[in-house]
Amino acid sequence: MKTPSCTCCQYYADALTQRDITLNIKSVRDLLQIKKQKGIPQKLHSCHTILTEQYVIEGHVPFEALNKLATEQPDIKGIALPGMPAGSVGMGGTKQEKFTVVSFIDSGKSKIFIRV
């Protein structure tokens, strides 16, 4: 899910579909309400949210983190790459340092999931 005006979200979606990941993209005006409903801690918010059958994926999460999530299938609510860091998939610019992807659970607690 993304806001109608977000272009970086579309770049991220295009990168996922190029990897044969099927998406159903929905543009919504009140994405903040969905983030609240899905239990994404505010400190982890980004510009778009992906809902799978099992997980919530917030932001421009690197493919390595998606692969780890799919392989390990941990008992968590979801993963997030907070903000919109330069050099991440869908964002312009140059990556300055490793990205820290965090996992979160229903209580809002988070911890490092992977650094890539």
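What you are looking at is a predicted structure, and each value in this text was computed from that prediction instead of being measured.
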Worksheet entry | Close side-chain approach of P85 to Q96, heavy-atom, < 4.5 Å | no

Worksheet item: Atom OH in Y12, atom SG in C6: separation rounded to 0.5 Å?
Response: 12.5 Å

Item to complete: Following the transitive rule for hydrophobic clusters with a side-chain heavy-atom cut-off under 4.5 Å over Ile, Leu, Val, Met, Phe, Trp and Tyr, establish whether L31 and F104 coincide in one cluster.
Response: yes

Worksheet item: Would Q18 and D14 count as having a side-chain donor-acceptor pair, cut-off 3.5 Å?
Response: no

Worksheet entry | Spacing of SG belonging to C9 relative to CE belonging to M84, to within rounding of 0.5 Å | 6.5 Å

Item to complete: Supply the atom-to-atom distance L32 CG to H45 NE2, rounded to the nearest 0.5 angstrom.
Response: 6.0 Å

Fill in: Result of checking L81, V102, L69 against F113 for side-chain contact (heavy atoms from CB on, under 4.5 Å)
L69

Practice prompt. Determine, for F63 and R19, whether the Lys NZ or Arg CZ falls below 6.0 Å from the six-membered ring centre while staying within 45 degrees of the axis.
Written response: yes

Discussion item. Hydrogens and angles aside, do K95 and S88 bring a side-chain donor and acceptor to less than 3.5 Å of each other?
Written reply: no

Worksheet item: Got a sec: does the CD of E97 have more than 12 other heavy atoms crowding it under 6.0 Å?
Response: no

Discussion item. In this structure, would V101 and V56 fall into the same cluster of hydrophobic residues linked by side-chain contacts under 4.5 Å?
Written reply: no

Practice prompt. Would you check if T49 and K35 make a side-chain contact, meaning some heavy-atom pair closer than 4.5 Å?
Written response: yes

Worksheet, complete the sentence: Heavy atoms of I79 and A65 approach each other most closely as CD1-O, 4.0 Å

Worksheet item: Which atom pair, heavy atoms only, marks the closest approach of P62 to F99?
Response: CG-CD1, 4.0 Å

Discussion item. Would a single hydrophobic cluster contain both Y11 and L16, if residues Ile, Leu, Val, Met, Phe, Trp and Tyr are joined by side-chain heavy-atom contacts under 4.5 Å?
Written reply: no

Discussion item. Looking at K38, I'd like to know if its NZ atom is crowded, meaning that more than 12 non-hydrogen atoms belonging to other residues, nucleotides or ligands lie closer than 6.0 Å.
Written reply: no

Practice prompt. Indicate if I40 and I34 have the same hydrophobic cluster label, given that clusters are the connected sets of ILVMFWY residues with side-chain heavy-atom separations under 4.5 angstrom.
Written response: yes

Practice prompt. Please lay out, stage by stage, how K2 and C8 fare under the test side-chain contact (heavy atoms from CB on, under 4.5 Å).
Written response: CA-CA 10 Å; K2 66 180 200 74; C8 66; over 6 Å; no

Fill in: Cluster check V116, I21: I/L/V/M/F/W/Y, side chain < 4.5 angstrom
yes

Practice prompt. Could you grab the distance from atom OG of S103 to atom CG of L44, nearest 0.5 Å is fine?
Written response: 9.5 Å

Worksheet item: Taking it one step at a time, do Y55 and I50 satisfy side-chain contact (heavy atoms from CB on, under 4.5 Å)?
Response: CA-CA 8 Å; Y55 299 108; I50 298 173; over 6 Å; no

Worksheet entry | Distance in Å, T22 OG1 paired with D20 CG, rounded so as to fall on 0.5 Å steps | 7.5 Å

Worksheet item: Just wondering, more than 12 heavy atoms not from Q42 lying within 6.0 Å of its CD?
Response: no

Discussion item. Please tell me whether S46 and E58 have a donor and an acceptor in their side chains that are separated by less than 3.5 angstrom.
Written reply: no

Worksheet item: How many angstroms lie between CG in L23 and CE in M1, if you round to the nearest 0.5 Å?
Response: 12.0 Å

Practice prompt. Check the surroundings of atom CG in D75: do more than 12 heavy atoms from other residues, nucleotides or ligands lie under 6.0 Å from it?
Written response: no

Item to complete: Check the pair I25, Q10 against side-chain contact (heavy atoms from CB on, under 4.5 Å), reporting the backbone distance first and the verdict last.
Response: CA-CA 9 Å; I25 301 170; Q10 189 59 54; 4.0 Å; yes

Worksheet item: Where is the tightest heavy-atom contact between H60 and C47, given as atom of each residue plus distance?
Response: NE2-SG, 3.3 Å

